[in-house]
There are 4 protein chains.
Amino acid sequence: MARVTPADLPVRDRLLHAASTLFAERGFAETSIREIVEAAGVTKGGLYHYFDSKDALLSAIHDRMLTMQIARMNTIADATDLSLTERLHAIFADVVETSIANLDDAMVFFQSMHLLAPEHQARVRAERRRYHERLRDLVAEGQQTGEFRDDIPAALVIHYHFGALHRLGTWYRPDGRLTAEQVGEHFAELLVRSLAPSNT
Amino acid sequence: MARVTPADLPVRDRLLHAASTLFAERGFAETSIREIVEAAGVTKGGLYHYFDSKDALLSAIHDRMLTMQIARMNTIADATDLSLTERLHAIFADVVETSIANLDDAMVFFQSMHLLAPEHQARVRAERRRYHERLRDLVAEGQQTGEFRDDIPAALVIHYHFGALHRLGTWYRPDGRLTAEQVGEHFAELLVRSLAPSNT
Amino acid sequence: MARVTPADLPVRDRLLHAASTLFAERGFAETSIREIVEAAGVTKGGLYHYFDSKDALLSAIHDRMLTMQIARMNTIADATDLSLTERLHAIFADVVETSIANLDDAMVFFQSMHLLAPEHQARVRAERRRYHERLRDLVAEGQQTGEFRDDIPAALVIHYHFGALHRLGTWYRPDGRLTAEQVGEHFAELLVRSLAPSNT
Amino acid sequence: MARVTPADLPVRDRLLHAASTLFAERGFAETSIREIVEAAGVTKGGLYHYFDSKDALLSAIHDRMLTMQIARMNTIADATDLSLTERLHAIFADVVETSIANLDDAMVFFQSMHLLAPEHQARVRAERRRYHERLRDLVAEGQQTGEFRDDIPAALVIHYHFGALHRLGTWYRPDGRLTAEQVGEHFAELLVRSLAPSNT
DNA sequence: AATGAATGAGTCTTCATTCAT
DNA sequence: GATGAATGAAGACTCATTCAT
């Protein structure tokens, strides 16, 4: 009877919350529909009333994250009154903070893209690619202006630093020493410093 | 009848190779024993003659990677004639290169530690922790000597940069523009530069 | 498509009936889940909707018998207006009759206690032991009053006569010469006569 | 490496001994060939050199018991210088003692006749039937002479008392209070007393 | 005589999903 | 909107047996 999910939320949200928690904890394939409905305090039939399939649950979690991340990134990237360094710093610190704030969703998002149903996966991958490309372009722009070192391909730089983000869930603990803000600040610092042109 | 695995290897090696490829491609849970034995050109019973369980297959892959990585890292870390920067650079470039050289094994290793059978997992995690701690200590040492910036916790620095390593498999393609050596060099460069003390 | 089981019973009962028949006929280990569901006219998934495992099916059959036998025995044993001889006679005749009336269940019960899951087995054995002890005490009491011969240990006497009961299924045929009542009467007669004190 | 079987016996006997012990302990179906060869300190191929199949092992155990029991019973039954009561007493005491002396074989013999391969089973059943019929005839003869009560069918009497024999293995312990001789004596006593004509 | 690698049919069980109510 | 009984395909694993050496 243990309810890991707030009982006052609408049924659909309870299901999403339970699914996100369980997928993050043990993985998508290792979580059964039975476990999700039990955690959400709903029956099997109930789940299928709101979601077409187990895949649909996963898709919903992805959509939620993707929409939010794209919007926030674009907002900051559009702030042309800031330097490229400042914008990269702000974007990365922000995505780290919001990922920690929604750690279950974020980990599901980062680690199970390949499990999405093919057609949904294509869409998510496309939007994700655009996200990365926009960041890559910021880096490339800085490399042309001399603000950033230019001896490392911009795309690789983005891959590199987003790797760190994707693994947050394996070591970050909300009750640990560091706040989300601090981690965001540290990560962003490492990112921009790694792009500093050599002194010579 | 499609054989994705060299037919001249001993059966046990064919199985390990097939398992590694498939686990890396679609994940452990998403790969069935049937798929593995078909890829290896062996029967189901044959697999269970060499491995006690699907978990044992995963464990064998982990052991192979773990042993190699620890040995290589220690060798370089012990080279006290090199500066800390040089050693960190060499270690990271090396682990990147060897991970790319054994990309399937490496991705399985990095992404499915949590799926290992409990007792095996404990052992792997312990050795992995020692590995990280040794690297963290190198960073901390450099922070004390002033060789590295000291405003970011050493442990977080290690988590950060190994995140990039863990995600290699999601974007690196052997037939792409960059060789393993180049990626190793770039990654190591980003790592050591990110630790450069501020100029002020 | 051969249905050996009444089609009008609830699914759970059909499964129990089919399992009992097959376990009695060929043994627990020699009966497959597939055979049970085919005999019950149900699908495999259906069985697992009602029973957690093949063991659970066996346990359910045991519980049914155990509960009935204990209740009936206690009722008769409590009838202190009857002599010990009369009570032993009545108890044994009754258990023989009810075992024949539920011959499949009874044979499964008597012959496969050792196959029960450990924790269930412990409970069943404990209750069975109390059952035997109560009967043994009736015999011992009669040995002290002189109603029964006292040159043979009471516990051995019970083991002896219940052996006969346990093997009923190997020779009794409902369509044979003897009714359940007759067998019960004969068995009880042999039991009480074997306890008669010697004439000297 | 635990060898439960005397190492100095010929291989064939080691295998029979190991099989008998394991079949008696956990049942035929629950014992695997692997367990037998490990207990006997032999390889799988070795077993199949001496026995055609798992069934053949079981058959060999049955043959051993059957041959012995028939011979001993006939010897005593032929002793026409003894009364029917004396002969029945002697036969039953003897079969109890020899069953205890070879308890594993005996339990396998009594409890797994139905698992024999069909053609072997037919032969064993036929011989077993003759064995029972000869005993039944002794009882019937005594019923005609008035030495035994005649209100209970002779065949049922035999079924009854051999039931006790078949269950010996479930409660008899070699290290318990009673010797094989004592149990044989007690059992035979219960048998002949149960056949005593009524006093009236 | 003996080995042990290899087979393949068969076992129990899980699970996402459907549908009559 | 919601239930939960029922489905059937698929899963990991076991095991008696064979056969080249």
Side-chain angles (χ1 to χ4, degrees), chain A residues 10-12 15 28-38 40-58 117, chain B residues 10-12 14-15 28-38 40-58, chain C residues 10-12 14-15 28-37 40-58, chain D residues 10-12 15 19 28-38 40-58 117:
Chain A
V11 171
R12 202 189 121 94
L15 284 164
F28 178 74
E30 288 78 16
T31 301
S32 72
I33 291 283
R34 189 179 52 71
E35 289 170 317
I36 296 170
V37 299
E38 275 173 14
V42 170
T43 61
K44 261 189 223 186
L47 184 151
Y48 280 94
H49 182 71
Y50 289 104
F51 297 94
D52 285 347
S53 65
K54 194 185 176 187
D55 283 319
L57 266 171
L58 186 60
Chain B
V11 171
R12 204 189 119 95
R14 288 222 302 279
L15 284 164
F28 178 75
E30 289 76 19
T31 301
S32 73
I33 290 285
R34 187 180 51 72
E35 290 170 318
I36 297 171
V37 298
E38 276 174 11
V42 170
T43 62
K44 238 183 268 197
L47 184 152
Y48 282 95
H49 183 68
Y50 289 102
F51 297 96
D52 284 346
S53 64
K54 195 183 174 189
D55 281 316
L57 221 29
L58 186 61
Chain C
V11 171
R12 205 190 118 94
R14 289 223 300 280
L15 285 164
F28 178 75
E30 289 77 17
T31 301
S32 75
I33 290 284
R34 187 180 52 72
E35 289 170 318
I36 296 171
V37 298
V42 170
T43 61
K44 243 184 263 199
L47 184 153
Y48 282 94
H49 182 69
Y50 288 102
F51 298 94
D52 284 347
S53 64
K54 194 183 175 190
D55 281 316
L57 220 30
L58 185 61
Chain D
V11 171
R12 202 189 121 93
L15 284 164
F28 178 75
E30 288 77 16
T31 301
S32 73
I33 290 283
R34 190 179 50 72
E35 288 170 318
I36 296 171
V37 299
E38 275 173 14
V42 169
T43 63
K44 260 190 224 186
L47 184 152
Y48 280 93
H49 181 70
Y50 289 104
F51 297 95
D52 284 348
S53 66
K54 195 184 175 188
D55 283 319
L57 266 172
L58 186 61

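Only this structure's heavy atoms are used, side chains among them; waters, hydrogens and symmetry mates stay out. First the proteins, then the strands, lettered A, B, ... as listed; each starts at 1.
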Checklist entry - Contact class for C:Val11 (heavy atom, under 4.0 Å): base, sugar-phosphate, or nothing? => result sugar-phosphate
Checklist entry - Heavy-atom distance under 4.5 Å between the side chains of A:Asp55 and A:Phe28, does that happen here? => result yes
Item to check | For DNA chain E, stems built from three or more consecutive Watson-Crick or G-U wobble pairs below 3.5 Å | outcome: E:2-21 with F:2-21
Next on the checklist: Using a 4.0 Å cut-off to any heavy atom of chain B, which nucleotides of DNA chain E are the first and last in contact, reading 5' to 3'?
Outcome noted: E:dG4 to E:dG10
Checklist entry - Residues from residues 47-54 of chain A sitting under 4.0 Å of DNA chain E, heavy atoms only? => result A:Tyr48, A:Ser53, A:Lys54
Checklist entry - For B:Ile36 and F:dC13, what is the distance between atoms CD1 and P respectively, to the nearest whole Å? => result 10 Å
Item to check | Most 5' of B:Lys44 and A:Asp55 on DNA chain E, judged by nearest nucleotide | outcome: B:Lys44
Checklist entry - Which distance, rounded to the nearest 0.5 Å, do you find between the OG of A:Ser53 and the CD1 of A:Ile33? => result 8.0 Å
Under 3.5 Å, sequence neighbours excluded: what are the donor-acceptor pairs made by side chains of residues 42-49 of chain A?
from: A:Thr43; atom 1: OG1; to: A:Gly46; atom 2: N; distance (Å): 3.3

Item to check | Listed partners of D:Glu30 passing salt bridge (charged side-chain N to carboxylate O under 4.0 Å, His left out), at least two apart | outcome: none
Checklist entry - NA contact type, B:Ile33, heavy-atom cut-off 4.0 Å: base, sugar-phosphate, or nothing? => result sugar-phosphate
Item to check | Spatial distance of atom CZ (A:Phe51) from atom CG (A:Leu15) [nearest 0.5 Å] | outcome: 6.0 Å
Checklist entry - In chain order, what residues pass the side chain to side chain donor-acceptor pair (under 3.5 Å) check against D:Arg12, with sequence neighbours excluded? => result none
Item to check | Residue whose nearest DNA chain F nucleotide is more 5′ - D:Ala29 or B:Arg34 | outcome: B:Arg34
Checklist entry - Between F:dA10 atom P and B:Glu35 atom CD, what is the distance in whole Å? => result 11 Å
